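Any value given below was found using the heavy atoms of this structure, including those in side chains, with hydrogens, waters and symmetry copies removed. Predicted, not measured: the structure shown is a model, and the values here were computed from it. Numbered from 1 within each chain, the chains take letters A, B, ... in sequence-line order.
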Amino acid sequence: AQSVTQLGSHVSVSEGALVLLRCNYSSSVPPYLFWYVQYPNQGLQLLLKYTSAATLVKGINGFEAEFKKSETSFHLTKPSAHMSDAAEYFCAVSDLYGGSQGNLIFGKGTKLSVKP
Amino acid sequence: DTEVTQTPKHLVMGMTNKKSLKCEQHMGHRAMYWYKQKAKKPPELMFVYSYEKLSINESVPSRFSPECPNSSLLNLHLHALQPEDSALYLCASSRRSQETQYFGPGTRLLVL
């Protein structure tokens, strides 16, 4: 069965510092992988997605993620944090032929705080 | 444009009330979804509609009744809810089922 593990329920960085949010997945078939961001009292916004093309995926707001099959990871990074990046981040996996039937399986989320 | 709209933004209802949540998209997407999200938790899938037909019902209690009157609209009818049903209800859509989902802003529901 598919699953997603986000390491660290809360990550705190200083403004201007590197952001690294970790995501490991479990899937018996090549997955599709997504990062969504949720600002307080809002819905989920798609940051980026991996759908078996380039392994380094660039998204909105300066974020990018690298698909590493050998490590079953899809970590999200941003070189320099901005105060506006403070939000909840969800990693999600789906696959067409495995247990999720193409539906999203979410990780538990990581809350990113940015200190001035 | 990847906009999904939801109304109302906030809803307070008593346990005997009947209310409806509405979701709309004009992207030509043929799959639409309802999720429930409790505080500090990820969204949980409730229903999936594909080409206006209910394709997935994740064992949701019958007090939640979805409806897809056309390809742009998705409703969630609520009746006799419990306080534990208080949550953020998110709608999403995708071009086809199993493709990238785009979420609306949600309806925050409080059941008294």
Validation row: B:Tyr102, A:Tyr36 side chains within 4.5 angstrom (heavy atoms): no
Structural part of A:Leu46 lying under 4.5 Å from a heavy atom of chain B: side chain
If I take atom OG from residue A:Ser9 and atom NZ from residue B:Lys40, how far apart are they, to the nearest 0.5 angstrom? 10.0 Å
Give, for atom OH of A:Tyr32 and atom CD of B:Glu99, the distance between the pair rounded to the nearest 0.5 Å. 8.0 Å
Considering only heavy atoms, which portion of A:Glu88 lies under 4.5 Å from any heavy atom of chain B: side chain, backbone, both, or neither? neither
Just checking heavy atoms, which of residues 41-49 of chain B are less than 4.5 Å from chain A? B:Lys41, B:Pro42, B:Pro43, B:Leu45, B:Val48
Check the hydrophobic clustering (I, L, V, M, F, W, Y; side-chain heavy atoms under 4.5 Å; chains of links allowed) and say if A:Leu104 and B:Trp34 are grouped together. no
Under 4.5 Å between side-chain heavy atoms, hopping through other hydrophobics if needed: is there a path connecting B:Val60 to B:Tyr33? no
Are there over 12 heavy-atom neighbours, none belonging to B:Arg95, within less than 6.0 Å of that residue's CZ? no
Using 0.5 Å steps for rounding, measure from the CG atom of A:Asn41 to the CZ atom of B:Arg108. 5.0 Å
What distance separates A:Asn103 CG from B:Ser94 OG, expressed to the nearest 0.5 Å? 9.0 Å
Would B:Leu88 end up clustered with B:Leu74 when hydrophobic side chains under 4.5 Å apart are linked, directly or stepwise? no
Closest non-hydrogen atoms of A:Leu44 and B:Phe103, given as atom of the first, atom of the second and distance, are O-CB, 3.2 Å
Is it true that A:Ile60 and A:Leu33 fall in one hydrophobic cluster, defined by side-chain heavy atoms closer than 4.5 Å? yes
Atom NZ of A:Lys108: over 12 foreign heavy atoms under 6.0 Å: no
Is it true that A:Val93 and A:Tyr50 fall in one hydrophobic cluster, defined by side-chain heavy atoms closer than 4.5 Å? yes
Side chain, backbone, both or neither of A:Gln38 within contact of chain B (heavy atoms, under 4.5 Å): side chain
